[in-house]
Amino acid sequence: MTVEEDSGGNWKEWPARAGEFLRNLFDLQFRRLLTPRMLPTLFVLAIIASGLWVVAYAAQGFSISLTDGLVRLLLIGPLAFLTMVTCARVALELCLAIFRLAVHASRMAGHTEDIAGGLPRIQFWKSARRKGGEDEE
């Protein structure tokens with residue numbers, strides 16, 4: 001496997017992928033789920049946003065004092081970065097689990113209909129109506 005294949009294909013495929021993304025994004029009937037395929041991109045954006053936040057937080061600390069800036073850069077910043085990235089990962093994995101659960105539930109619903117189609121039908125309400133009707137007469 002080359003680096004090109006490992007990184008999601010070659011660069012010639014990106015316009016086609018972008019077109020597919022836009023078609024799926026504006027699909028008003030929601031025939032294809034877009035969110036599960038967007039999760040890696042969203043995670044990369046969360047990592048970048050967390051890193052930028054830490055840099056801005058440290059820069060603000062340096063504007064206050066050298067000691068405050070160093071504490072923010074070397075102690076609070078890395079802990080905050082790891083916490084934010086972990087929370088983003090957990091949220092995205094939760095989202096993925098919900099989508100997978102929905103897919104499996106729809107598959108199970110199809111199998112349930114197949115199984116129920118082969119079973120004999122027992123109609124309890126007819127016997128209950130007959131008994132009720134006989135008591136009233």
Side-chain angles (χ1 to χ4, degrees):
M1 179 179 284
T2 65
V3 175
E4 235 177 52
E5 292 170 341
D6 190 38
S7 65
N10 60 24
W11 290 100
K12 294 177 185 176
E13 294 178 8
W14 283 102
R17 287 183 184 208
E20 179 186 356
F21 171 77
L22 290 175
R23 276 192 303 277
N24 290 332
L25 182 63
F26 295 107
D27 176 21
L28 299 178
Q29 295 177 352
F30 292 91
R31 283 178 257 148
R32 295 208 48 192
L33 296 175
L34 185 61
T35 307
R37 290 182 284 152
M38 288 177 46
L39 292 180
T41 304
L42 292 174
F43 186 57
V44 168
L45 290 175
I47 291 171
I48 292 170
S50 299
L52 290 174
W53 183 87
V54 168
V55 169
Y57 184 68
Q60 181 187 22
F62 281 115
S63 70
I64 295 170
S65 72
L66 179 65
T67 306
D68 195 27
L70 287 174
V71 167
R72 288 182 179 199
L73 181 66
L74 300 175
L75 184 64
I76 298 172
L79 292 175
F81 177 79
L82 290 175
T83 302
M84 288 187 287
V85 170
T86 302
C87 288
R89 179 70 185 219
V90 168
L92 293 173
E93 285 182 9
L94 177 64
C95 182
L96 183 61
I98 290 169
F99 277 95
R100 286 181 179 169
L101 181 65
V103 168
H104 291 303
S106 66
R107 286 182 189 164
M108 282 185 3
H111 292 302
T112 306
E113 291 171 3
D114 294 342
I115 293 169
L119 295 175
R121 307 231 179 213
I122 302 172
Q123 298 176 348
F124 294 104
W125 56 90
K126 285 187 179 178
S127 61
R129 256 193 275 156
R130 274 193 228 143
K131 287 181 184 176
E134 293 172 3
D135 291 341
E136 290 176 12
E137 291 176 348

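None of these values were measured; they are calculated from a predicted model.
Scanning all heavy atoms of the two residues, the minimum distance from W53 to A80 falls at CZ3-CB, 3.6 Å. The shortest heavy-atom contact between T83 and L79 is OG1-O, 2.8 Å. Closest non-hydrogen pair, V54 versus G77, comes out as CG2-O, 3.4 Å.
Residues I64 and L75 fall into different hydrophobic clusters, defined by Ile, Leu, Val, Met, Phe, Trp and Tyr side chains chained together at heavy-atom separations under 4.5 Å. Taking hydrophobic clusters as Ile, Leu, Val, Met, Phe, Trp and Tyr residues chained together by side-chain heavy-atom distances below 4.5 Å, L22 shares a cluster with L34. F26 and L33 fall into different hydrophobic clusters, where Ile, Leu, Val, Met, Phe, Trp and Tyr residues are linked whenever their side-chain heavy atoms come under 4.5 Å apart, directly or through other members. V85 and I48 fall into different hydrophobic clusters, where Ile, Leu, Val, Met, Phe, Trp and Tyr residues are linked whenever their side-chain heavy atoms come under 4.5 Å apart, directly or through other members. Side-chain heavy atoms closer than 4.5 Å link hydrophobic residues (I, L, V, M, F, W, Y) into clusters, and following such links, possibly through other members, connects L39 to L25.
Counting heavy atoms from C-beta outward, L70 and F62 have side chains that approach closer than 4.5 Å. By the 4.5 Å heavy-atom criterion applied to side chains, R23 and D27 are not counted as neighbours. Proximity of L96 to L92: side-chain heavy atoms (C-beta onward) are nowhere separated by under 4.5 Å.
In this structure, F99 CZ and T35 OG1 are separated by 4.0 Å, a value rounded to the nearest 0.5 Å. Between the SG atom of C87 and the CE atom of M84 there is a distance of 9.5 Å, given to the nearest 0.5 Å. With rounding to the nearest 0.5 Å, the separation of NE2 in H104 from CZ in R100 is 7.0 Å.
In this structure, R89 forms a cation-pi arrangement with F43, its terminal cationic atom sitting closer than 6.0 Å to the ring centre and no more than 45° off the ring axis.
More than 12 heavy atoms of other residues, nucleotides or ligands shown are found within 6.0 angstrom of CZ on R37.
Using modelled atom types, one side-chain atom of R72 and one backbone atom of Y57 make a donor-acceptor pair closer than 3.5 Å.
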